[in-house]
Amino acid sequence: MSDTVPTGTARRAGRREWLGLAVLGLPTLLVSLDIGALFLALPHLSADLGASSTQQLWITDIYGFLTAGFLITMGTLGDRVGRRKLLLIGAALFGVLSVVAAYATSPEMLIAARALLGIAGATLMPSTLALISNMFHDDRQRGTAIAAWVSCMMTGAALGPVIGGVMLNYFWWGAVFLLGVPVMLLLLLVGPKLLPEYRNSGAGRLDLVSVVLSLAAVLSIIYGFKELAVYGLDSPTTAIVSIVAGLVLGFLFARRQLRLDHPLLDLRLFRTGAFSALLTAMMLAAGAMAGTFLLSSQYVQSVLGLSPAEAGLWLAPTGISIAVGSQLGPILSRKLGNSGAIAGGLAVGAVGFLLIALVRSETDLALVVAGLALVHLGAGPLFALGAFLVVGTVPPERAGSAASMSETSNNFGSTLGLAVLGTIGTAVYRDQMESGYTGAAAEQARETLAGATAAAGTLEPGAASQLLTVAHGAFTSGLHTAGVIGGVVFLAMAAIVAASQRKAARVQQAPAAEPALSSAHS
């Protein structure tokens, strides 16, 4: 891999391309925002529709499940049928299904609408990233454009709770779904004029067996980790069986891809160590961030007592910080090289995790917010430059497939982080509660912090205060553990990425060696 983002001599993009980038940023922002906004609307829609606890889980999870499951298929399908065409079809479906979800009259109807929204959402993310590679041929401009795309994606996730909380103050729960309608309508109106079409005429037929195998593998693994996040190690059988089944299906999928002339996913890209290192770094970083953000959001609400809307506003700086970090990535790479910018950013993120590990119960709102802001600021260069280098390592006809790999790794990482760090946080909480509290309602209080809060409501003021003090301290210890793990992950990834880039640079400089991962199209 070239250690800097070169300026290149390719044709530079003009006003039309930059306007097209703004258009591509809208669905990217929306797809990420949709998930966070739903969390705040869930209690309202559940009461209105009479959704059971199981139905609530499906309402929240089915969208992400199917988005992750179809990313590989949709990324490759765009290469075959046309990226702009697939993007516009997905946008039209997303807009229509958003209206259906907003006016759902039963939990089953909402679950079905969310499932179809997930499939439509899977057409948007890889198509938008792959189209950027067609619109921006100059390496420096492409790096800036992808950084802006990453900023939209991450900012949407952070602003989802904020915007959702504001809208729920004035409108009914369905309004959070209607956010997508004007955005998709605008994309349909101006997309054909501003966005180029690209289709790989030599891609061959879509292998349906590979589609089924990839979908089943991804869904099984993600479902297993979700089960692990919900139930922990108390009843892990279903989670373990699902994960193992997913790994077996993934093995069968990989073996089939290596035998096909026109594979759904070109696994030969993983032979390049720098390519694999970048995807691994993005996956693990996404996991550390998602798991720690989950525990931090619970901390500010359950320990500090903020309302969901107040918590969303306090946590909004995370979206701003990762947007800044993403934009700084290409700038820093010109001075420090790609590896230096990524490794330096991860080191900054590790400092943020350290701040989170120092948070005290009931007093340190500013510290946890500052810690999260530093984590997201430091992760910005990794995701911006990582997406640039992953997409840039393939020829234009395979950019959709490469973009789907990038997105799938992020989805896997987030799910893994929620499961692993959530389970570890729960284990630390229960361990400290068992040794630190033996009073009334101890069994209920030891299960979760929510259980301890409910138990405190049945006790006398003095006993309730004692219980909550111990429970808040136990939960904060779990947050400390997540902060330490996140810091170690970030520092380890910084070292691995730096080492892989140095190795790739040496291979690239060798006169008879096979070309290494390059920031320019091969």
Side-chain angles (χ1 to χ4, degrees), residues 1-5 143 146-147 150-151 153-155 157-158 273-293 295-296 317-358 368-390 406 409-410 412-414 416-417 420-421 481-505 517 519:
M1 178 187 296
S2 174
D3 199 46
T4 59
V5 176
I146 290 179
V150 171
S151 298
M153 179 176 62
M154 297 299 182
T155 302
F275 183 90
S276 300
L278 282 169
L279 287 181
T280 302
M282 288 191 288
M283 181 182 71
L284 294 180
M289 292 164 63
T292 306
F293 189 86
L295 294 175
S296 298
T318 59
I320 299 172
S321 61
I322 199 165
V324 173
S326 299
Q327 293 299 317
L328 285 175
I331 298 173
L332 293 174
S333 74
R334 295 164 199 157
K335 298 181 179 180
L336 305 176
N338 291 327
S339 57
I342 293 173
L346 290 173
V348 171
V351 174
F353 280 115
L354 174 63
L355 294 182
I356 292 173
L358 297 176
V368 74
V369 172
L372 287 174
L374 281 177
V375 167
H376 286 72
L377 177 69
L382 168 64
F383 288 104
L385 294 172
F388 169 82
L389 294 167
V390 166
S406 175
S409 71
N410 290 341
F412 263 127
S414 297
L416 181 67
V420 173
L421 292 185
T481 304
V484 171
I485 293 173
V488 170
V489 168
F490 267 46
L491 289 177
M493 287 301 99
I496 291 173
V497 168
S500 70
Q501 306 312 306
R502 286 195 297 269
K503 180 179 179 181
L517 179 65
S519 62

Return the CG to CG distance between Leu377 and Leu328, rounded to the nearest 0.5 Å. 6.5 Å
Please name the pair of heavy atoms, one in Pro330 and one in Gln327, separated by the smallest distance, quoted to 0.1 Å. CD-O, 3.4 Å
Set out, in order, the CA-CA distance, both residues' side-chain angles and the distance that settles side chain to side chain contact (heavy atoms under 4.5 Å, CB included) for Ile322 and Met289, then state yes or no. CA-CA 11 Å; Ile322 199 165; Met289 292 164 63; 3.9 Å; yes
Looking at every heavy atom in both Ala350 and Gly487, which two are closest together, and how far apart are they? CB-O, 3.9 Å
Compare every heavy atom of Pro317 with every heavy atom of Val369, then report the nearest pair and how far apart it is. CG1-CG, 4.2 Å
Quick check for you: to the nearest 0.5 Å, what is the distance between Leu284 atom CG and Leu279 atom CG? 11.0 Å
Determine the minimum heavy-atom distance between Leu372 and Ser296, stating which atoms define it. CD1-CB, 3.7 Å
Which value, rounded to the nearest 0.5 Å, describes the distance between Leu385 atom CG and Met282 atom CE? 10.5 Å
Side chain to side chain contact (heavy atoms under 4.5 Å, CB included) between Thr292 and Val375, intermediate numbers included: CA-CA 10 Å; Thr292 306; Val375 167; over 6 Å; no
Minimum heavy-atom distance Ser333-Ala341, with the two atoms named: N-CB, 3.9 Å
In the structure I gave you, are the side-chain heavy atoms of Phe383 and His376 within less than 4.5 Å of one another anywhere? no
Taken to the nearest 0.5 Å, the spacing of Leu354 CG from Phe490 CZ works out to 13.5 Å
Give the intermediate values and the outcome of side chain to side chain contact (heavy atoms under 4.5 Å, CB included) for residues Leu421 and Ile485. CA-CA 8 Å; Leu421 292 185; Ile485 293 173; 3.9 Å; yes
Which pair of non-hydrogen atoms, one from Ser326 and one from Ala147, has the smallest distance, and what is that distance? O-CB, 3.0 Å
Who passes side-chain contact (heavy atoms from CB on, under 4.5 Å) against Ala290, sequence neighbours left out? Ser414, Leu418
Does some side-chain heavy atom of Thr280 sit less than 4.5 Å from a side-chain heavy atom of Ile496? no
